[in-house]
Protein chains: 2
Amino acid sequence: MPAPHDPQSARAARDARDRLPRDAHRGQPTLRDVAERAGVSAMTASRVLRDDPQVLPATRARVRAAADALGYRPNEVARSLRLGRGTGLVGLVVTNLANPFYSRLALGVDSVVGEHGLKTVIGNTGQDLEAERELLADLVARRVDGIIAVPAGADQRHLAAAVADGVPVVLASRPPEGFAADCVLVDDFGGAHAATARLLERGHHRIGFLGSPPAVHTGTERLRGYAAALAEAGFALDTHLVRQGQTEPRQATRAAAELLALPTPPTALFCSNNRNTIGAFRALREAGGADVALAGFDDFELADALGLPLTLVAYDTDELGRAAGRLLADRLHDRAAPTGPREIVVPTHLVEYGM
Amino acid sequence: MPAPHDPQSARAARDARDRLPRDAHRGQPTLRDVAERAGVSAMTASRVLRDDPQVLPATRARVRAAADALGYRPNEVARSLRLGRGTGLVGLVVTNLANPFYSRLALGVDSVVGEHGLKTVIGNTGQDLEAERELLADLVARRVDGIIAVPAGADQRHLAAAVADGVPVVLASRPPEGFAADCVLVDDFGGAHAATARLLERGHHRIGFLGSPPAVHTGTERLRGYAAALAEAGFALDTHLVRQGQTEPRQATRAAAELLALPTPPTALFCSNNRNTIGAFRALREAGGADVALAGFDDFELADALGLPLTLVAYDTDELGRAAGRLLADRLHDRAAPTGPREIVVPTHLVEYGM
DNA sequence: CTGTTAGCGCGTTCAA
DNA sequence: TTGAACGCGCTAACAG
């Protein structure tokens, strides 16, 4: 039995739309208009426009002419309803499109689903869990064919609800918690481990960690990778050097500055995502010639131009989106023969800049 | 009479979707299911779920309970069809979501239209004019309520066709050509003029120009601003110093390198967008200590971190998207009382980095 | 206050 | 080869 939803907020969103003018008949020609002009029944017109071969070439031509003259376009809304299929739409749920990570992801998703004749509906939640809940309910109500999501927090019950409603969900960059769904992950642990190990090789062992809030899966996995590398080298994790919770560069700059101001400051920093790396970079620059090594997860444009050595964990962000799109497309075609949930892990590699 | 469309490609896209499984009844509960469970007619259930006051509290409660138990969500597809209104979707047509300019624009658009209960469908055309034509036809067929577009080229007949079909179109960053539509522009001329004047003030007069293809409105406007500033200072435009056509940083790097290799190279470069500025930056860096001043249109993240003086024409990209969203939302509400096309110009200002 | 009828635009089914 | 009836899920307009 599907969980009851919150009807308040979802209805509020609908109401806003319902206030649009009632008269909205835009005079787009319908199948009947085409049929009349061609002197045939709507049914025949429908057949012609769907390339049904069972039509006399002569009538076919007449219908085509009529359709072109009228500028007819089939109403996809009516088609969706009639065919009982979905809408040909895929919902994409992200927290912040302004972050290049998410826009690349969106690009990858859209390119793949586009090849399957699907379009992408974006939903930007701005880290707001409540907004995310409403968004998901709305996407389900709109009968999207599937949803690709990067949930903002650890609570994924709204995603589970969508799955229970029969909507295929693919998670990107986070694993499903408490329900079955396909997902595409980045090798968070491995990448963070490798970057930290690289810093250790260079003789650092007081390595600070800057990361996203603990509720974010990538953040904690990358923290685990960092901690594991330290442990393997025989160094205990010093919680004074760990700062989680930064979502924006500005916050990261502040957190990094605090670490640098410690009595025994770290000699290197590892940042769990591009926002934190950029923030830490600014802190280092403000600190003047602080001789602190910098490493981070996520490659980004102009990383090579910052004028300081930088070790980054790189991976193919577009591919992350494309893989998610492929998983979803597979589900849509194979609904009859469902396989178990699939998990794809995108590999990472280290890149060195400015050396 | 609307122009006849190309039925081939549009149909091809539909066909891909039509190959999805036929059985797709996802068993989502319908209004009738709710009504039956509550022991009322579908009509009464409908009324309750739309907060129609004309219902006995007791029945209202029964219906609510039934809906919750079933996890009922109104089918927005059916609602759209029945109400003859749009779909609550806005089409956003851009060339490259990976360019921060477009992702910020998308964010701005989505935030505003979201407040009106609308969702954004993205269409990334990758500079492909043919893809853009198909995309527009598809959006119209899907009965989006409106379209916000940054057309890739000078040919806007497909946009005019959408307008002729009664779909409100708002252009962002380009003016309409040959038809009436609202638009939001950046002060291209003024910004380019100001940046070039700044370079002239500093004693430069051999100033190279790097820009997008001539078909792109912003590129030519910004070229005009650059040329005007030169002319006002008494310098003729030297076409050897003008390189148009670069879309990606890599191309811009090459073009910049060519300018720098001229017998009498420019002493400064003005770039008409962020892609060209970043490309030119790399060329300067590769050229070693080349003492060439750099200016460009568009602010971008890390522009302050490049370690060289940089003059940028900045403006509020999010606001560009938000303004476009507002224009569209206004149209949707005011369809009854149409005003003439509106044009909004977003102002620019100069920022100096690395000095 | 509640139910019936009808139809949005299209496509499946069956009959002609 | 073509057409008429019916229904997808929902709601406006009118009963009762």
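To find a chain, count down the sequence lines: A is the first, B the second, and so on, and within it residues start at 1.
Checked options B/R133, B/E134, B/E132; the residue passing with B/L136 is B/E132 (criterion: side chain to side chain contact (heavy atoms under 4.5 Å, CB included)).
Between B/P57 and A/S46, the residue anchored closer to the 5' end of DNA chain C is B/P57, taking for each the nucleotide with the nearest heavy atom.
Minimum interatomic distance between B/T30 and B/Y72 (heavy atoms only, all atoms of both residues): C-CE1, 3.5 Å. Across B/V34 and B/A66, no two heavy atoms sit closer than the pair O-CB, 3.7 Å.
The distance from atom CG of A/N75 to atom C1' of C/dC8 is 9 Å, rounded to the nearest whole Å. One interatomic measurement links the two molecules: CG of A/L49 to P of C/dG9, which rounds to 15 Å at whole-angstrom precision. Taking atom CG of residue B/D33 and atom P of nucleotide D/dC10, one finds them 9 Å apart after rounding to whole Å. For A/E36 and C/dC10, the CD to P distance is 13 Å, given to the nearest whole Å. For the pair A/R143 CZ and D/dG9 P, the computed distance is 9 Å after rounding to whole Å. Between the CD atom of B/Q54 and the P atom of D/dG16 there is a distance of 18 Å, given to the nearest Å. Here the P atom of nucleotide D/dT11 and the CG atom of B/L31 are 6 Å apart, to the nearest Å. Atom CZ in B/R79 sits about 17 Å away from atom P in C/dG9, given to the nearest Å.
B/D51 and B/R64 are joined by a salt bridge, as a carboxylate oxygen and a charged side-chain nitrogen come within less than 4.0 angstrom of each other. At a threshold of 4.0 Å, the pair B/R50-B/D52 does not count as salt-bridged, since none of the basic side-chain nitrogens sits closer than that to a carboxylate oxygen. Using a cutoff of 4.0 Å between basic side-chain nitrogens and carboxylate oxygens, B/R142 and B/D138 are scored as salt-bridged.
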Could you go over nucleotides 5-7 of chain C and give all protein N or O partners under 3.5 Å, atom names and distances?
| from | atom 1 | to | atom 2 | distance (Å) |
| --- | --- | --- | --- | --- |
| C/dG7 | N2 | B/R82 | NE | 3.4 |
| C/dG7 | N2 | B/R82 | NH1 | 3.1 |

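Across all strands, A/L56 comes closer than 4.0 Å only to sugar-phosphate atoms, never to a base (heavy-atom distances). In this structure, B/V77 reaches neither bases nor backbone, as no heavy-atom distance under 4.0 Å exists between it and the strands shown. Across all strands shown, B/L81 has heavy atoms under 4.0 Å from base atoms, whether or not it also approaches the sugar-phosphate.
Nearest to the side-chain atoms of A/T30 among the listed nucleotides C/dT2, D/dG9, C/dC10 stands C/dC10.
Taking A/T125 as the reference, nothing meets the side chain to side chain donor-acceptor pair (under 3.5 Å) condition, with sequence neighbours excluded. Applying the side-chain contact (heavy atoms from CB on, under 4.5 Å) criterion to A/V163, with sequence neighbours excluded, gives A/V169, A/F179. In this view, B/R342 and B/D330 satisfy the salt bridge (Lys or Arg N to Asp or Glu O under 4.0 Å) rule, not counting sequence neighbours. Every residue two or more places apart in sequence or in another chain that forms a side-chain contact (heavy atoms from CB on, under 4.5 Å) with A/A324 is listed here: A/I148, A/V170, A/V184.
If one axis is set at each end of the helix from C/dC1-D/dG16 to C/dA16-D/dT1 from five pairs, those axes are 50° apart, to 10°.
OP1 and OP2 of C/dG9 both lie 4.0 Å or more from every side-chain N or O belonging to A/R50. The side chain of B/T59 places no N or O atom within less than 4.0 Å of a non-bridging phosphate oxygen (OP1 or OP2) of C/dC1. An OP1 or OP2 oxygen of D/dG9 is reached within less than 4.0 angstrom by no side-chain nitrogen or oxygen of B/Y72. Between A/S41 and D/dA4, a side-chain N or O to OP1/OP2 separation shorter than 4.0 Å is absent. The side chain of A/T44 contributes an N or O atom lying less than 4.0 Å from OP1 or OP2 of D/dG3.
Side-chain N/O atoms of A/R47 and base N/O atoms of D/dG3 include a donor-acceptor pair closer than 3.5 Å.
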